[in-house]
Amino acid sequence: MLDSGAAYRCFCTSQRLDLLKKEALRSRQTPRYDNRCRHLSSKQVQDKLSQGTPFVVRFRLLEGPQPFQDLVYGWTRHDVASVEGDPVILKGDGFPTYHLANVVDDYHMGVSHVLRGTEWLISTPKHLLLYQALGWQPPQFAHLPLLLNKDGSKLSKRQGDIFIQHYIDNGYLSDALLDLITNCGSGFTENQMGRTMETLIQQYDLGKTSTHSALLDLDKLPEFNRIHLTKKIDNTDTRFQLVKQLKTLLKDAYKDLVLDEQYIERILLLRKGHLSQLTDLLSSEYSYLWIRPAISKDNLQSLSKEARNIGNIAVRLLKENTSDLTLETLNGELKSKMKRLEDTKYSNAMKLLRVALSGQEHGPSVAEMLLSLGSEESIIRLQNALTE
């Protein structure tokens with residue numbers, strides 16, 4: 001490009017460039033290089049080179065609008081030379097700037113399509129001129145609208161929740177974050193939750209990408225994560241990975257805890273669809289799954305005078321049905337057996353059993369608690385809390 005005249009050496013000092021900038025700002029104009037060195041003669045250039053004068057290499061912009069067809073924004077015209085000075089493409093240390101580096105790199109990698117943020121739209125004519133000066137066929141360009149906060153403000157590195165590591169640390173799945181972002185954007189016939197990378201690849205249509213900025217609603221992320229976590233629990237391979245992951249988390253939370261992986265797997269299957277994050281199972285709401293709660297017998301007696309009878313009914317039910325118990329059959333059996341009670345409503349009986357098993361008045365159904373803990377552990381807890 002130096003040989004063809006498409007580029008030239010610029011010997012302007014940093015002091016001169018600072019003066020140009022200050023003068024432009026004082027005049028309330030956009031700072032730009034005045035292309036002074038563009039007009040140096042060959043002799044002047046050689047004299048400066050022989051004197052060892054430091055230089056950068058600038059690209060000579062052609063005047064006039066440079067129209068091109070963007071795959072998202074359509075035909076675009078921008079006279080870059082009217083608003084910018086000739087840009088530096090090789091710095092004083094011999095290192096290329098982005099404008100040169102991205103053109104050369106994309107060409108040698110055989111890149112056919114460049115998809116990038118809309119903030120680069122105004123620089124594209126400059127890059128197309130570089131392709132032209134090098135005699136290369138440029139790729140097709142598609143500039144994508146920006147991803148903004150829900151209120152329309154720009155995402156900023158100063159926001160603690162903009163970094164991917166933030167979401168990893170808080171138990172969010174990469175598939176869920178990707179699904180949320182693509183749902184906030186465009187490029188699809190319709191938005192739907194639960195799409196994986198494979199589905200996104202199949203459904204994406206660049207022609208359906210709009211020019212409107214995408215508003216990122218992170219309040220929806222827990223629901224997206226719940227859907228993708230449910231899928232991972234359903235899949236045997238990914239469920240095994242979740243079991244290992246949860247086991248590690250539990251060992252950190254409960255130092256002396258000895259856990260059976262089949263037990264952890266059972267918990268995941270029973271809580272499937274109710275968990276937004278795997279770390280939900282570390283909350284106090286689920287602590288009863290990992291440690292036996294301290295139960296006040298007086299408190300249980302205050303809930304029903306038939307407390308011991310209720311406990312005995314549940315214990316006999318578990319002993320009589322040592323296998324083949326499902327959530328549905330156990331719910332049915334509990335309703336049927338509790339009809340024998342004289343003074344306690346079914347709902348109050350379930351509340352009492354829930355407290356006996358978990359120490360909590362609210363939570364999963366009693367049937368699910370019994371299945372989660374298993375017959376042996378459930379009987380121990382019920383006998384300790386309710387029976388003679």
Side-chain angles (χ1 to χ4, degrees), residues 1-70 73 75-143:
M1 285 193 289
L2 285 168
D3 291 341
S4 69
Y8 61 90
R9 294 178 177 87
C10 173
F11 299 93
C12 291
T13 64
S14 57
Q15 290 84 356
R16 181 177 186 275
L17 296 176
D18 285 340
L19 287 173
L20 284 175
K21 181 178 180 180
K22 289 177 181 178
E23 180 61 26
L25 292 173
R26 189 182 66 81
S27 304
R28 296 185 178 180
Q29 296 178 346
T30 302
R32 55 181 291 188
Y33 178 57
D34 61 0
N35 299 343
R36 176 183 180 180
C37 290
R38 177 195 275 212
H39 307 292
L40 293 177
S41 65
S42 297
K43 184 178 183 308
Q44 287 174 309
V45 171
Q46 289 304 319
D47 286 345
K48 289 184 178 294
L49 289 175
S50 63
Q51 294 168 12
T53 306
F55 66 89
V56 297
V57 177
R58 292 183 181 271
F59 178 63
R60 188 188 300 268
L61 294 175
L62 298 181
E63 295 183 357
Q66 305 294 323
F68 72 97
Q69 188 171 23
D70 187 85
Y73 283 81
W75 279 102
T76 303
R77 296 164 63 89
H78 178 62
D79 186 359
V80 64
S82 68
V83 293
E84 295 184 33
D86 293 335
V88 175
I89 56 174
L90 203 69
K91 294 184 286 187
D93 59 2
F95 203 80
T97 62
Y98 172 78
H99 298 301
L100 178 63
N102 99 86
V103 167
V104 174
D105 192 45
D106 285 356
Y107 172 76
H108 283 288
M109 288 200 301
V111 171
S112 61
H113 294 73
V114 173
L115 278 70
R116 57 188 182 186
T118 187
E119 68 269 25
W120 288 104
L121 185 61
I122 198 171
S123 295
T124 303
K126 192 185 306 180
H127 299 156
L128 290 171
L129 287 172
L130 278 164
Y131 276 103
Q132 181 180 320
L134 291 163
W136 296 341
Q137 180 68 32
Q140 295 188 68
F141 287 90
H143 288 83

Residue pair Asp34, Leu20: steps toward the side chain to side chain contact (heavy atoms under 4.5 Å, CB included) verdict: CA-CA 8 Å; Asp34 61 0; Leu20 284 175; 3.8 Å; yes

Of all the heavy-atom pairs spanning [X] and [Y], show the shortest one and how long it is.
X: Leu25; Y: Pro31; answer: CD2-CG, 3.8 Å
X: Ala133; Y: Met1; answer: CB-SD, 3.9 Å
X: Arg36; Y: Arg16; answer: NH1-NE, 2.8 Å
X: Gly92; Y: Val56; answer: N-CG1, 3.5 Å
X: Cys37; Y: Cys12; answer: SG-SG, 3.6 Å
X: Tyr33; Y: Leu17; answer: CD1-CD2, 3.7 Å

Using a 4.5 Å cut-off on heavy atoms from C-beta on, say whether the side chain of [Y] contacts that of [X].
X: Pro139; Y: Tyr131; result: yes
X: Leu62; Y: Gln132; result: yes
X: Leu121; Y: Phe68; result: yes
X: Val45; Y: Phe55; result: no
X: Asp70; Y: Thr124; result: no
X: Val114; Y: Gln140; result: no
X: Leu129; Y: Leu61; result: yes

For the pair [X] (side chain) and [Y] (backbone), establish whether a donor and an acceptor sit closer than 3.5 Å, ignoring hydrogens and angles.
X: Ser50; Y: Gln46; answer: yes
X: Asp105; Y: Ala101; answer: no
X: Asp106; Y: Val103; answer: no

Aromatic plane relationship, His127 with Trp120 - under 30° parallel, 30 to 60° tilted, over 60° perpendicular: tilted

Residues Thr97, Leu90; criterion side chain to side chain contact (heavy atoms under 4.5 Å, CB included); working and verdict: CA-CA 6 Å; Thr97 62; Leu90 203 69; over 6 Å; no

Over-ring placement of Arg116 relative to Phe141, 6.0 Å and 45° cut-offs: no

Full working for side chain to side chain contact (heavy atoms under 4.5 Å, CB included) between Arg9 and Phe11: CA-CA 7 Å; Arg9 294 178 177 87; Phe11 299 93; 4.0 Å; yes

With sequence neighbours excluded, residues passing side-chain hydrogen bond (donor to acceptor under 3.5 Å, both in side chains) with Thr118: Tyr73

Residue pairs fulfilling side-chain hydrogen bond (donor to acceptor under 3.5 Å, both in side chains) with at least one residue in residues 21-31, sequence neighbours excluded: Glu23-Arg26

Any pair counted as side-chain hydrogen bond (donor to acceptor under 3.5 Å, both in side chains), so long as it reaches residues 77-86, sequence neighbours left out: Tyr8-Asp86, Arg38-Asp86, Glu84-Lys126

Spacing of CG belonging to Asp93 relative to CZ belonging to Phe95, to within rounding of 0.5 Å: 7.5 Å

Full working for side chain to side chain donor-acceptor pair (under 3.5 Å) between Ser123 and His99: CA-CA 9 Å; Ser123 295; His99 298 301; 5.1 Å; no

Heavy atoms from other residues, nucleotides or ligands near CD of Glu119 exceed 12 (cutoff 6.0 Å): yes

